[in-house]
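First the proteins, then the strands, lettered A, B, ... as listed; each starts at 1.
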Amino acid sequence: MEFAELIKTPRVDGVDLHRPFMPTVEGTLCLTGHHLILSSRQDNTEELWLLHANIDSIEKRFVGSLGTIIVKCKDLRVIQLDIPGMEECLNIASSIEALSTLDSVSLMYPFFYRPLFEVIEDGWQLFVPEEAFKDLESMTDEWRLSEVNKDFSVCPSYPSLLTVPKDIDDESLCKAASFRHGGRFPVLSYYHKKNGMVMMRAAQPLTGTNGRRCKEDEKLINATLCAGKRGYIIDTRTIAVAQQAKARGGGFEQEANYPQWRRIHKAIERSNVLQDSLIKLVEACNDQSHSMDRWLSKLEASNWQSNVKEILTTACLAAQCIDREGASVLVHGTEGTDSTLQVTSLAQIILDPACRTIRGFEVLIEREWLQAGHPFQQRCAQSAYSNGKPRSEAPVFLLFLDCVWQILRQFPCSFQFNENLLIMFFEHAYASQFGTFLGNCVAERVKLQLSQKTVSLWSWVNRPQELERFLNPLYEPNNLVIWPSVAPQSLLLWEGVFLRWNRSTKCLDEACQEMVHIIEYNKELQNKVNSLRRQLAQLETEESPLQTP
Amino acid sequence: MYHDTKKYFCTLMSCTEVWWSEMEHIRMPKVENVRLVDRSSSRRTQVGTLYLTATHTIFVGKGSEDRSELWVLHSLVCDVLKHKASQNGYPLIIHCKNFQVIQFIIPQESDWHNVYISLSRLSRPEKYEELYCFSFNPNVDKAEREHSWDFLDLKAEYSRMGLPNKLWHVTAINREYRVCDTYPADLFVPKSVTLPVIIGSSKFRSRGRFPTLSYYCKENHATICRSSQPLSGFSARCLEDEQMLQAIMKSNPGSRFMYVVDTRPKLNAMANRAAGKGYENEDNYCNIKFQFIGIENIHVMRNSQQKLIEVSALRSPSMGEFLMGLENSDWLRHIKSIMEAGIFISKAVAEEGVSVLVHCSDGWDRTAQVCSVASVLLDPYYRTLKGLMVLIEKDWVSFGHKFSHRCGHLDGEAKEVSPVIDQFLECVWQLMEQFPCYFEYNEKFLISIHNHVYSCHYGNFICNSQKERKDLCIKEKTHSIWPHLWENKLDFMNPLFKPDQSQNQGLLRPRTAPYCFKYWRRLYNRFDRELHPRQSELDCLMTVKEETQQLEEALALYEQKLAVLDKERAKTLYMQKGVLESKQALWSSPLDTSLANTPQDYIGGFIGGAPNVFTLQQGERESAELCLFGDKPKSSDADNSDQESGVADFSSHSSGEESLPSEDSVKDPDSDETGPNRA
């Protein structure tokens, strides 16, 4: 397909661009296959350079022959384009609509994007399971790397290499897989070095209404417990929801069949509920009515903060079981691709200082989200302004980022990165020039040949030039487990995302710059003082012989 | 610590007669085996001894290693409640005006009752003389104490504004407080008004509070004036009052009109007309633009804060309960309305160059709030430590905000109590959140002021007017808070403050979208340590800045020495090494995250509450919990000992001569937990 077919009017002059907190710009609007560009040609900069993929929905309005298109983006930005000429406006609008909802992945921008920077370190090689396993091997010999899913036939949403208990053979894995939703049998998610406890994740067991059981599944899970130890199964659904799942062939582990495990139910919402929550929250944030009551009641009604609290609480619970109770944990919900991953990845941020570095956090996203089969493409197809029928969109990953931000606010010195990194990941998960978040699982990515045909987000982020703006000046490595507060009083609205386009950040930016300045000045002084001291010490030793009588 | 307590009692013994009269109310000076319950987790309790003294309730923990102490000043107690007895004993809940809530469990019913009766009486003093500030006696001599009252000079403040000048002067008319007994002795009025005009105007205003100057803008001569409501009823008018306003308007040569801002809701103001009060009729006054700004009255505000406090004190509420509670309290809506009033006035003055007369009913509550918020917005000086002190001294203390009534210093009319000053401090905090670089002080400063407005530790906020304070000889008998805060200013500095920027900024233009107003957790959950960020950006930056200063000094020293060495290379200098050795470690020191390393109850007692399931691990868990508790007192020790108003320090500092006792916020309870690099 040629993009040109979709672009009837590639270019319109005299278009006004309105953006909140910025002066109106008049310029030429250009449509390309992947971008909406507006330039006033004032100083060789484009005022607007928007990926079609970033457009969530558009609205058209006409006053006489002046058309207005309101473009609502997946990153929550809302901009307005005033286009002279009804026909031009209609053409532009229909092109945008078509180009922003392309069905075929291979037409997406990452397949056309050629980086203007030199890829020094290929981001597709950021996480290599074999190497991660070597680290694990140095700590314990209880685990092995299985190739049972080499051709993605046992579990289509799992990667080809999986860490499983050493004593369980591939045949048992296959049987266990047939007993779990989508074939997602229990695999290792995290090994807690401090006490050797582990966190595993899976999908729900397919017990159904007649209480099916699977010896191999039981054996697999029990193999992760030390003798005499017990573990916790954290089911991210309420008991009622889990019961209902039985009717559809799903279910939960019966205590009688898993006597060494204690089941805990939490109440993390399902994806369609979360999507609804996001839509309501964004609507509340964009409400210009200026009434305090309305704002607070809308914020409350959106339930967004409740969702943050519930996810964070569950993650803390998992971490607590591992670190404080000295017990191993198995986490699952229904499919094991959404709430499960929120919990396992957040628990690792709490427990493992390595996940609080930039690279560690990237690896965490790669390992616990991308390779673990979170269906990014489905979940991030639409954002808060989608007015179409919701299919499987849900801000699961955004909620995870929000939770990380909450922990970051509470431990401002324990993270190597700052809020900007989280916001950037949010943006790229929804629309990007990089291939990282395309596809729904490793199998799909292999098929799409992403690593050959597209550039990895990590290749770009990890360049020193880019890294700079993601660094937290207050960072001091902290090897402790960090326990956040989950009280409503402690959880804040993530303004950096939800009010980002409704506020001027001048004062906040100033504060950030000042913070960086204070710390850089301090370091500079330290260096100066150190070198002077060395100089002095040298002079002293040179001259001290003179003084010895 | 225990010795310090002893010392404290000795000190007390040598104290004043007031103390002896207070002693009568103490039915029970000491109760053993009392349990102090940690509110964040009822499973964590400490056993110890409870002492009741003339001024404090003191709890001394019995732990063998950490003898933690908790001091509660009686004047900070707002409520003592008995809760239903259980098999554990008899619970007593103490609610404090600084939002601390303390729960004791007393083993014997009779002790319980006696402590309750004693505390109820001790926390409700009937006479000013019973207040702590009259018995508080740090080791300073008379001259020094008197000097402490000269720390702030309102005359200097007016002259900083540029007054007196050719249009404004001080009138001596209220020197004896005869025209208006709630106004200060010195008042600025337009030079053009005669004494009869002032007197006539004052007779036409509630409580004689005639229009007088609060703030003068040097740049454009616009002023903020304040008064009480006119006694206009439905039709009454007063020529002198009209002349007064005319004179104020004319004293701003650049403008052709002035605003009269009535900060009450229109309905309230209209209702007042039936009582012979009311508001200015635009037809009677030349060139005024009249404006209502609906800020609710003290009763609405009291109820609102009460609801807010209930929400803040909820134990593990759901997000919905918290947000609904916040909404239903209406608190943030009120804060928003006060802020908007301040913005209106500051814009009128700075942007339009028009003078404003502000009043409410009596002109000492909403008027004080609005004038002072406008001043903070207008003048960078009020965003400095000293400036805020001066502002409070001027707009609140001197202009007769009824601190003792509003803060319930004495046992009396509950309907007079209202968090008017709390709202002002909160408005400043909300501004600090929006403008992180434009304030010299940090939120600890505001919280410390809040604490002392209620604590009765210093004399500044005692009584309801300047006249009352004079009659009571406050300056002769008590100490002033301001120099004390000034001495501790390092704790109150905002590391991000950029003075130049703030000067340039001039008028602050805050946003007033509802989401810009936030819940002030640090104030309302001040004592719930587990709710606050476990690491503090503020403390961290403060430490870095302190270190930077030391480095700058070291650098200068080294450069000097190098220069000397360069000059006289033959000579050898002895280096004072070690100056920096210790400092190097500061920034790289490991984090003290003792609290960070304590998980909350994430599951509502699920794990702990099922002993039958996990018999094997129960023992382990308990021991873990014990450990947990074992290392807690260390932090809560620092928390408690200097928390309550200084007497703890009183004894510990008694060797160090001139240091005034520091109180809670000076040594913030969080300081040991949060600051990396503090170690």
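- With a 4.5 Å cut-off on non-hydrogen atoms, A:Glu495 touches chain B through its side chain but not through its backbone.
- Put simply, the side chain of B:Val544 does not reach to within 4.5 Å of the side chain of A:Leu474, judged on heavy atoms.
- Residue A:Asn522 comes nearest to B:Leu551 through the heavy atom pair O-CD1, 3.7 Å, listed as atom of the first residue, atom of the second, then distance.
- Interface residue B:Ser318: only backbone heavy atoms are found under 4.5 Å from chain A.
- Heavy-atom contacts from other residues, nucleotides or ligands closer than 6.0 Å to CD of B:Glu559 number more than 12.
- At a threshold of 4.5 Å between non-hydrogen side-chain atoms, the residues B:Lys498 and A:Glu510 count as touching.
- By the 4.5 Å heavy-atom criterion applied to side chains, B:Asn328 and A:Leu296 are not counted as neighbours.
- In this structure, the separation between CG on B:Leu431 and SG on A:Cys507 is 11.0 Å, given to the nearest 0.5 Å.
- Contact of A:Asn303 with chain B is not made at all, since no heavy-atom distance falls under 4.5 Å.
- A:Arg294 does not touch chain B: none of its heavy atoms, backbone or side chain, sits under 4.5 Å away.
- Note that the CD1 atom of A:Ile518 and the SG atom of B:Cys540 stand 10.0 Å from one another [nearest 0.5 Å].
- Remark: A:Lys528 does not engage B:Glu552 in a salt bridge, criterion side-chain N to carboxylate O under 4.0 Å.
- For a residue to count as touching a neighbouring chain, one of its non-hydrogen atoms must lie under 4.5 Å from one of that chain's; by this rule A:Thr314 does not touch chain B.
- By number of non-hydrogen pairs under 4.5 angstrom with chain B, the leading residue of A:Lys309, A:Gln410, A:Gln489 is A:Gln489.
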Check step by step if side chain to side chain contact (heavy atoms under 4.5 Å, CB included) holds for B:Met319 and A:Glu310. CA-CA 9 Å; B:Met319 189 52 85; A:Glu310 194 59 37; over 6 Å; no

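- A:Ser297 and B:Glu327 make their closest contact through CB-OE1, 3.0 Å (heavy atoms, listed as atom of the first residue, atom of the second, distance).
- Proximity to chain B (any heavy atom under 4.5 Å) is restricted, for A:Leu499, to the side chain, taken from C-beta onward.
- Residue A:Cys413 holds its SG atom at 14.0 Å from CZ of B:Arg534, rounded to the nearest 0.5 Å.
- When all heavy atoms are compared, the tightest approach of A:Ala511 to B:Cys437 is CA-SG, 3.4 Å.
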